[in-house]
Undergrad: 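Got a structure for you, written out below as structure tokens; questions coming shortly.
All chains are named by letter (A, B, ...) in the order of the sequence lines, taking the proteins before the strands, and each is independently numbered beginning at 1.
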2 protein chains.
Amino acid sequence: MRQLAQALGVSPMTPYRYFADKDAILAAVRAAAFDRFAEALEAAVAAPGDPVERSRHAGDAYVAFALREPQAYRLMFDLNQPTEKDYPELTAAAARARRTMTAHVEAMIQAGQIAGDPELIGHMFWSVLHGVLMLQMSDKLSPNIDPDRLRAATIGALSRGLAVGPG
Amino acid sequence: MRQLAQALGVSPMTPYRYFADKDAILAAVRAAAFDRFAEALEAAVAAPGDPVERSRHAGDAYVAFALREPQAYRLMFDLNQPTEKDYPELTAAAARARRTMTAHVEAMIQAGQIAGDPELIGHMFWSVLHGVLMLQMSDKLSPNIDPDRLRAATIGALSRGLAVGPG
DNA sequence: AACATAAATTTACAACGTAAATCAAATAAG
DNA sequence: CTTATTTGATTTACGTTGTAAATTTATGTT
């Protein structure tokens, strides 16, 4: 806090005139990060190309964000952070990212590319991306395993599994 | 630290005669948690039944551990914790859990159940389980999504995708 | 009994988040 | 243009935290 205040060129207690406490400040940072994240996803999904290509772009954008702003990504999903229920703006920003995901899956379904519950399918891909990234960032992967290869293989297998029959 | 010392019925500085600092203590706790975790997996894999059934048991044991000891699971994969490279016992305990996983996949491959790199395939399932659990625990899933259903659907689709052709 | 070694405690300090009191700057009322 | 009143920022101070250093207590050993 004192460092932050100094970086802002202001006295240690000044931020407290604008935020309730440290958690509120971090919640604002989290919300801003989720907004940047949602923007990156929206841009990727809106790019030209067929639905499958745009899905790849979305996945790439997801990973690129996490690796470009690891601190932000960490904070966004940090289990030690207070639940976002207490911070409406944060809830909203997180929901926005989820909606982007779901909307794109819906588009793929309407294109006949895939079938099933769009929100569930979106969450399936999300889980894979997040899982690999978390294991990668916490240094839990075996030294023999290349994160990019793992991610590609898992997304590939999951896609194939979904193409056969919907979950 | 002071609370811990009091719980041990000892003065605040006593733990420091046995551990370098707080991180070292937490690393020991993490290592112990990983050992319990590995034991749970080993037990599940060693249960009777065909390989596919035993895989299900392993997955169930994984999830059961995380939900039965959420604090432990959190700590084990906490990104804020110092890297386990500095704590050999911790590295060893984590590697033990990975080996259990890989060994079982190898068994499935030799049973002709599946094909591909066993360590990679093990990591694929691991990523899914970890991803869903983390999203669940950090309260990031959409209210419409049931974690158990999400996990089952994702594991199911991934399995189907792997059955078709190896990654 | 005297000493050496190990183990635990006491004391002390710097850093943290923040409550309370104080002070300064802007705006409104007379 | 004063004089209030509100707003914004700072200073001071307190309780907690992790832990370094000094000190005491317990445990062998000669």
Undergrad: Using the heavy-atom set of chain B and a strict 4.0 Å cut-off, write down the first and last nucleotide of DNA chain D that makes it in, 5' to 3'.
TA: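 Reading along DNA chain D, I get D/dT17 to D/dA21.
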Undergrad: Provide, to the nearest angstrom, the distance between the CZ atom belonging to B/Arg2 and the P atom belonging to C/dT10.
TA: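 Result: 13 Å.
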Undergrad: Are B/Val29 and B/Tyr73 linked, directly or through intermediate hydrophobic residues, by side-chain heavy-atom contacts shorter than 4.5 Å (ILVMFWY only)?
TA: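 No.
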Undergrad: Give the ring-plane orientation class for A/Phe37 versus A/Phe65, where under 30° counts as parallel, over 60° as perpendicular and anything between as tilted.
TA: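 If you compare the ring of A/Phe37 with that of A/Phe65, the planes turn out tilted.
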Undergrad: Please report the distance, rounded to the nearest Å, between CG in A/Leu4 and P in C/dC16.
TA: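 That distance rounds to 12 Å.
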Undergrad: Reckon B/Phe19 touches a base, only the sugar-phosphate, or nothing at all at heavy-atom distances under 4.0 Å?
TA: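 Answer is nothing: B/Phe19 stays at 4.0 Å or more from every strand.
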Undergrad: Got a sec: does the CD of B/Gln6 have more than 12 other heavy atoms crowding it under 6.0 Å?
TA: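 No.
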Undergrad: Which part of the nucleic acid, if any, lies within contact of B/Met1, taking any heavy atom under 4.0 Å across all strands shown: a base, the sugar-phosphate backbone alone, or nothing?
TA: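 Sugar-phosphate contact only.
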Undergrad: Is A/Leu79 reachable from B/Leu26 through a run of hydrophobic residues whose side-chain heavy atoms are each under 4.5 Å from the next?
TA: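 No, no single cluster joins them.
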Undergrad: Is it true that a side-chain atom of A/Lys140 and a backbone atom of B/Met76 form a donor plus acceptor pair closer than 3.5 Å?
TA: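 Such a contact is found between A/Lys140 side chain and B/Met76 backbone.
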Undergrad: Relative to the 5' end of DNA chain D, which residue comes earlier, B/Pro12 or B/Arg17, by the nucleotide with the nearest heavy atom?
TA: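 The residue closer to the strand's 5' end, by nearest nucleotide, is B/Pro12.
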Undergrad: Charged N to carboxylate O under 4.0 angstrom, B/Arg98 versus B/Glu119?
TA: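 No, B/Arg98 and B/Glu119 are not salt-bridged.
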Undergrad: Quick check: on DNA chain C, is the nucleotide nearest A/Met13 upstream (toward 5') of the one nearest A/Gln3, or the reverse? Name the residue that is more 5'.
TA: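 On the 5' side of the pair lies A/Gln3.
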